[in-house]
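To keep things clear, I will list the structure first and then write my remarks on it.
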Number of protein chains: 2
Amino acid sequence: METEHLVIADYFIQAIEQAVYQEGERLPSESELREQFGVKRSVARRAVARLCDSGWITTIQGKGSFVAARSTPLTYALSSKTAFTEEMMKNGVIAHAELLHWEKRTANQHERRLLHLDHADWVYQLEIRRRAGRLPLSMTTTCLVERIVPDLELHLDPFVSLYRILSGIYRLQPQRLSSVVRASLPNADDAAQLEISAQSPILQVESLVSHRGIVPIEYSRSRIRGDLQESCVSFS
Amino acid sequence: METEHLVIADYFIQAIEQAVYQEGERLPSESELREQFGVKRSVARRAVARLCDSGWITTIQGKGSFVAARSTPLTYALSSKTAFTEEMMKNGVIAHAELLHWEKRTANQHERRLLHLDHADWVYQLEIRRRAGRLPLSMTTTCLVERIVPDLELHLDPFVSLYRILSGIYRLQPQRLSSVVRASLPNADDAAQLEISAQSPILQVESLVSHRGIVPIEYSRSRIRGDLQESCVSFS
DNA sequence: AAGTGGTCTAGACCACATT
DNA sequence: ATGTGGTCTAGACCACTTC
């Protein structure tokens, strides 16, 4: 059986959902699992790893596995408004963003097509990590049209929020035009930055943002921890 | 190093994206990978497994690993209109749905709240698998208000499309009110039904559907293969 | 028979926490 | 010292494909 561990994992997911195991409570140790379910260590470990990857538990070396804190994931409204920090506030969470890297370069073919640029156009590319409290939430690679945000580098330090720069400095009214969402696995870098295992699923959101719904100004690709956040789309 | 295999996997993802490896082309065998990258079999296998889980390749026992067919994932517009089969047609794909199971039962607390029901209300719960061509695409558990679709069981066989029943028989105009998307791993059943490994990420979409935007009629939870489909949200 | 991928095992060794 | 989780290894065996 290559799926033995799934039975055990699904059992504990059920148990946690029905609050048989409370937040912070310790799960049986690997040896106990081996006994209780009559399986090898490898199987017990795969079951635990799976619970960990999908965010139900966290393991601490030398101590054990504990039911993870967040039963209620943060919800992030994927509407035409696009302010991350402000959205998170609604969840009662202190959010902040770190600028990990930036560069100014010519637009590639993909970007030229999406942002209606030609060969002479330049873009700023920013690499941003967002957190809710202490926890890493998402990695975002965003590409801004240089013509729209000239001398952007002058306003990147200190970096608080992209939305604040766009609206505060450049008087733009950023508006999300479309978003494509996808489930995937993180690459090695993202897994490290998000402090998750390489097997934890992530939500990818690719968005196109414009000023006042007409002028395309930004193209971004976010990789969001699957265990912490969910995105909500409403129609009205 | 517990991340050795990620380097190899990411290398091949790059190569496939840049069409160094074409669709259907064979990747190096496990032994060749061991040689070329100087790794143990376990590492080579983890790398291959990861490529498989994220949908880049498919492996065939006794033959090897081959670059998967779909470079362009199907896009499914997550708009207020909610016809799956019709959406897929736009992608030029023959879609069909199978009803795997149905039952009639009283609404639980969660459903009563979402669908504005009281204790006396009944619901139909349908388990539907959707395919694009031969490939399984998604599993959907949907919950319909019995009062709105009385004697639904009389129209379930043959089952073609839920949308067709709702609009054709009951003259409803189903409209999506909101959707919540999430990235996760499949449970054992879903993985089997979707013919994916238990490590392949899936996109979960929870939707609330109403008739003419007012009367809630349906609550559904879809689990969509992460490697085949992406959902697109547009604002206009 | 030889090469490929798929599965499983038993054990070693490490790092950390508790007593 | 003992128990916990984390990592790695070498090998066996199977199933399938090709020659």
Side-chain angles (χ1 to χ4, degrees), chain A residues 1-9 12 16 21 24-69 186 188 191-192 194-200 227, chain B residues 1-9 12 16 21 24-69 186 188 191-192 194-200 227:
Chain A
M1 273 289 216
E2 85 259 19
T3 58
E4 229 173 332
H5 69 287
L6 294 180
V7 178
I8 303 178
F12 281 104
I16 295 172
Y21 283 92
E25 192 172 343
R26 223 198 95 164
L27 262 62
S29 74
E30 286 181 4
S31 347
E32 288 167 330
L33 289 179
R34 279 195 305 195
E35 263 190 15
Q36 291 175 22
F37 293 88
V39 295
K40 309 281 179 196
R41 190 195 178 191
S42 55
V43 176
R45 279 191 60 71
R46 261 184 290 167
V48 172
R50 186 176 178 80
L51 290 169
C52 213
D53 291 339
S54 29
W56 292 99
I57 64 174
T58 53
T59 58
I60 305 178
Q61 194 174 87
K63 299 186 77 171
S65 310
F66 303 85
V67 177
L194 294 174
E195 295 170 20
I196 54 176
S197 111
Q199 278 65 48
S200 291
D227 57 335
Chain B
M1 273 286 213
E2 85 260 15
T3 58
E4 228 172 332
H5 68 287
L6 293 181
V7 179
I8 305 178
F12 281 104
I16 295 171
Y21 285 90
E25 193 173 342
R26 223 200 95 165
L27 261 64
S29 73
E30 284 181 5
S31 345
E32 288 168 332
L33 290 179
R34 278 193 307 191
E35 264 191 13
Q36 292 175 21
F37 293 87
V39 296
K40 308 282 179 193
R41 190 194 179 190
S42 56
V43 178
R45 279 192 61 70
R46 260 184 292 168
V48 172
R50 186 176 179 80
L51 290 168
C52 213
D53 291 340
S54 29
W56 293 98
I57 64 174
T58 52
T59 58
I60 304 179
Q61 193 173 88
K63 298 186 79 170
S65 308
F66 303 85
V67 177
L194 294 174
E195 294 171 19
I196 53 175
S197 110
Q199 277 66 47
S200 292
D227 57 335

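Lettering of chains follows the sequences in order, A, B, ..., and the numbering in each one begins at 1. If you're wondering where the values come from, they're calculated on a predicted model, not measured in any experiment.
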B:Arg26: which residues meet the side-chain hydrogen bond (donor to acceptor under 3.5 Å, both in side chains) condition with it, sequence neighbours left out?
none
Could you tell me which residues satisfy side chain to side chain contact (heavy atoms under 4.5 Å, CB included) with [X], sequence neighbours excluded, listed by chain and number?
X        : result
A:Asp227 : A:Arg225
A:Glu35  : none
A:Ser200 : A:Asp53, A:Ile196, A:Ser197

Nearest 0.5 Å, what's the CD-CD1 distance between A:Gln36 and A:Ile8?
9.5 Å
Nearest 0.5 Å please: distance from the CZ atom of A:Arg41 over to the CD atom of A:Glu30.
4.5 Å
Tell me: CZ of A:Arg46 to C1' of D:dT7, nearest whole Å?
16 Å
Could you pull out the protein-nucleic contacts involving nucleotides 3-6 of chain D (nitrogen or oxygen on both sides, under 3.5 Å)?
from  : atom 1 : to      : atom 2 : distance (Å)
D:dG3 : N2     : A:Gly62 : O      : 3.3
D:dT4 : OP1    : A:Ser29 : OG     : 3.3
D:dT4 : OP2    : A:Ser31 : OG     : 3.1
D:dT4 : O2     : A:Gly62 : N      : 3.3
D:dG5 : OP1    : A:Glu30 : N      : 3.3
D:dG5 : OP2    : A:Glu30 : N      : 2.8
D:dG6 : OP1    : A:Thr59 : OG1    : 2.9
D:dG6 : O4'    : A:Gln61 : NE2    : 3.0
D:dG6 : N7     : A:Arg41 : NH2    : 2.8
D:dG6 : O6     : A:Arg41 : NH1    : 3.0
D:dG6 : O6     : A:Arg41 : NH2    : 3.3

Side chain to side chain contact (heavy atoms under 4.5 Å, CB included) assessment of B:Phe12 paired with B:Leu33
CA-CA 11 Å; B:Phe12 281 104; B:Leu33 290 179; 3.7 Å; yes
Under a 4.0 Å heavy-atom cutoff, the residues of residues 50-57 of chain A touching DNA chain C are none
Could you tell me whether the phosphate oxygens of D:dA10, OP1 or OP2, come under 4.0 Å of any side-chain nitrogen or oxygen in B:Lys40?
yes
Kindly give the heavy-atom pair with the smallest separation between A:Ala44 and A:Val39, and that separation in Å.
N-CG2, 4.1 Å
